[in-house]
2 protein chains.
Amino acid sequence: MSSTRRLTLRDIAKQAGVSYQTVSRVINNHPYVAEETRQRIHDLIAELDYHPNKAARSLATRRSHTLALITFGMDYYGPAQMVIHIERAAKAAGYDLVLSIAGDISRGTVQDAIASIMHWQVDGILMIKPVPGVAYDDAIDISGGVPTVQINGEKDDRIPSISVEQAVGSRIITEHLLELGHQHICEISGPLNWYDALERHESWQQTMRAAGYKPGYSIEGDWTAQGGYRAMQKLLSITRDFTAVVVANDQMALGALRALRMEGIRVPEDVSVVGFDDVPEAACYEPPLTTVRQEFDVLGQQGIEYLVERINNPDAPIERHIIYPALIKRLSSAPPRRL
Amino acid sequence: MSSTRRLTLRDIAKQAGVSYQTVSRVINNHPYVAEETRQRIHDLIAELDYHPNKAARSLATRRSHTLALITFGMDYYGPAQMVIHIERAAKAAGYDLVLSIAGDISRGTVQDAIASIMHWQVDGILMIKPVPGVAYDDAIDISGGVPTVQINGEKDDRIPSISVEQAVGSRIITEHLLELGHQHICEISGPLNWYDALERHESWQQTMRAAGYKPGYSIEGDWTAQGGYRAMQKLLSITRDFTAVVVANDQMALGALRALRMEGIRVPEDVSVVGFDDVPEAACYEPPLTTVRQEFDVLGQQGIEYLVERINNPDAPIERHIIYPALIKRLSSAPPRRL
DNA sequence: ACCATAGCTGTGAACGGTCACACAAATAGT
DNA sequence: ACTATTTGTGTGACCGTTCACAGCTATGGT
C-alpha cells in the first residue's frame, strides 16, 4: 500500500555497484563514464522506475526547469488557445509549466500571482497581459529579475515581448470594406482598456481618415456575444446610416449578426459585418464571417521560444517580436447596396 | 544587475537576532514563539521581501503543495473552461498547479505526462479524461500511488471521480422534444470513443425506446462546427423523415443549423435542433439554441475539493460524485409541424 | 522548597540531489 | 622509461528547509 520510501540515487548506485556520483553523471549525460557502466545504469533506472527528485535537484542547481505562465482573461478565446500551445512548446523545450490565472490585473492580484510563483525558483515567466495594470517594471521588480517575456502587452521597446500587430489587422479589414465601396462604417469595439481593443479602434479610425472618410459611430462592447448583441441594438437606436460594421471580435460579431436579423436587416445585402480572431466556428456563422486571423498558436509558441532564448542569454538586447494577422474573406462582407 | 544571492532563513534569523529555527516556526505558524518575536520576524520578512524556497521545503517535508492537472482535448470548450476554475480552486486550497496537456491518450503520451510530473513530488493528480485510453489503474501504477481524482472518466466505482451525468442530460433534452410532440428524432453524436459522446448517444436511444419510438438515424461528428455541418449534410442526404435533431454539443449544432439553412429548411418551424453544453454564444445562435447546461466551473472546483479531501484522508472510501445538467430552453425547439 | 509542566529558543542531522575536487588507471608524447 | 594527458570513478561539502531533540526560564501545585 503505502509506497516504500522513494528511490534515490544511492539506491540505484548500490544496486549497480557504483557510487552515487556515477549515477548522477549518467542521469545528466555527463561525459567520462564507461559506455558499459552507462548502459547498465540506464537499464537499472528503467527497471526500477526511478525518477530523480526535482526538489533536490533544483535546490542544488538553483534551476527549476520550470516556467511560469501568468495569464488574464482566460475566459476568452485567445488566451485559452495560447495556453495549449504554450504548454506544448514549454514541454518541447524541456520545461514544466506552472499556471497562474489572475482574475483581474490590479496590482494586488498580480503581486499575489508572482509571489506565489517566486518560491518556485522558476527559470522564466511568460505573461499574457491584455490590459494595462501593474507595470512591467513593477512585475520585474517583484519577481527579482527572473527573465520575463510579455505577450500582447504594451508597446514598449524596453520590454521583451511578442505580439500580434493589431493595428494591421484592423487596417486590412477596414481597407477590405473600403475597397468593396463602403463609406459609412461603424464599429463595435472591445473594452477600450484592453490594449488590443484600443489599437484596433484607433487603427480603424486612422484607416477611415486616411481614405478620406469620417469614422462612423463606435460602441464599446465586452467581447461577449451578448455584449455584441446589445451593442448593435444600441448602435441601431442611434443611427441607421451605415453600410458596414467592424466588430472587434468574432463572438461580438455573432451577437451583432443576431441583433441585425431581429431588425430584419440582411447581412451582407443591407449591411456588411466583419469580425476579428477567426474562431473555429466563424465559418459556420450565419452568414460565414469575414474576419482577421490571429495565430494564437504561433504567438504562444514563439513566446516560449523567445523566453528560453532569454533565459540562456539574459544580456542579449531586448526584442519586440511582431506577428502579422491575415484577412479571411467569407460571406458577411459584400459591396454596399446602391442607394 | 544579477541579484545578490537569494535570501535564506539564516539571513532573516541573523537580522532578527534569533536562530533559523525560530524563523522557520514563524513561517509555519508553529506555536511556542513569543508574540513579540513573531511580530518582529514577520515585519522583517515583509521588509526584506523574503520568500521561502519551495524546493528546499518540499525536499524536507516530502510535500510539494502542488497539484498536477493532466488534461486532454483542451481544444474543446469544456476542458478549457474547467482549467480556469481548477486553477482558481487549487490556489484557494493553497496548492500550485502544474499543467500537462496530452494531445492524445495513448499509453505512451499519458505515461510521458505522468512521468514528467512524477519528479515534482506532486501531492495529487487531477485527470480530465474524456476518452478511454490508458486505464486508471495503470495511471495510478505509473504515478506510484499519488492520490488521483478523475473528471468525466469511465463509470467505475473503484475510481475516485467526479462527473456530469451525461445520460441525464441526454434524457431530459430528448424528453423535451418528445413532450413537444416529436416522434422522428435523429442525432448527430460526438466521436463515440469519448465517454460523454457514447453516454449521450445511448441515453438518447433508450429514451426514445422508452417512449415507444424508434431512434432515428445517427451520424457521428467530431465536436466541431464544421463537423456538425458535414454531419447534417450527410444526414439530409440519407433521409428527410425527421422533425428534430439532437446534436451532441453546441458547436456542432451551429454547423447543423447552417447546413439546414443552406437547404432552405427552417428551424424550428420545419425541424427542431438542440445542443449540449450551453456555450456562452448559444443564446446568440440563429435561432438561439435550446441546449443542456453543464456546469464546468462546478465540476472543476469540486474536482479540486475532492482531491484535497483525498490527500488529507487517503484511506477514506472511494466516492463517485455526480453533477446533474439542466435543460435550457430557447428558440431552436418547437412543436413539429403538423403533416 | 521542590518538582512537574508549559512556554520559548537553539543545535545537529536529515531530505536527495550537484559541484569541486582528488585519485587511479589507461593512453599518449618525447 | 618517465611524465603529461585523457578517461573513468569516488569523497566531502553544500543547496535551504524541516524535524527530533535538548535546554533554559518562568509558573504553579502540593
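Lettering of chains follows the sequences in order, A, B, ..., and the numbering in each one begins at 1.
- In the interface, the side chain of Arg10(A) is paired with the base of dG17(C) through a donor and an acceptor atom under 3.5 Å apart.
- Atom CG of Leu7(A) is separated from atom C1' of dG16(C) by 12 Å (rounded to the nearest Å).
- Computed from coordinates, the Glu35(A) CD to dT9(D) C1' distance equals 16 Å when rounded to whole Å.
- Look at CG on Leu59(B): it is 13 Å from C1' on dA13(C), rounded to the nearest Å.
- Taking atom CG on Asn53(A) and atom C1' on dC15(C), their separation rounds to 8 Å, with Å as the unit.
- Using a distance-only test at 3.5 Å, with no hydrogens or angles considered, a donor-acceptor pair links the side chain of Glu87(A) to the main chain of Ile101(B).
- At the phosphate of dG10(D), OP1 or OP2 sits under 4.0 Å from a side-chain N or O atom of Thr22(A).
- Taking atom CD1 of residue Ile27(B) and atom P of nucleotide dT17(D), one finds them 7 Å apart after rounding to whole Å.
- One finds no side-chain N or O of Ser24(A) lying less than 4.0 angstrom from the OP1 or OP2 phosphate oxygen of dC19(C).
- Residue side chain Arg25(B) reaches the base of dG10(C) through a donor-acceptor N/O pair under 3.5 Å, judged by distance alone.
- Across all non-hydrogen atoms, the minimal contact from Ser58(B) to Ser64(B) is CB-CA, 3.7 Å.
- For the pair Tyr32(A) and dT7(D), the criterion of a side-chain N or O lying under 4.0 Å from OP1 or OP2 is met.
- Applying the 4.0 Å criterion to OP1 and OP2 of dT9(D), one finds that Thr37(A) has a side-chain N or O inside that range.
- If you take CZ of Arg57(A) and P of dG16(D), they are 18 Å apart, rounded to a whole angstrom.
- Gln121(A) has its CD atom 18 Å from the P atom of dG17(C), to the nearest Å.
- In this structure, Pro52(B) reaches the sugar-phosphate backbone alone: every heavy-atom distance under 4.0 Å involves primed, P, OP1 or OP2 atoms, never a base.
- Taking 4.0 angstrom as the limit, Ser19(B) places a side-chain polar atom (N or O) nearer than this to OP1 or OP2 of dG10(C).
- Atom-to-atom, CD1 of Ile41(B) to P of dT9(C) comes out at 8 Å; the value is rounded to the nearest Å.
- If you check distances only, the side chain of Tyr20(A) does reach the base of dG12(D) with a donor-acceptor pair under 3.5 Å.
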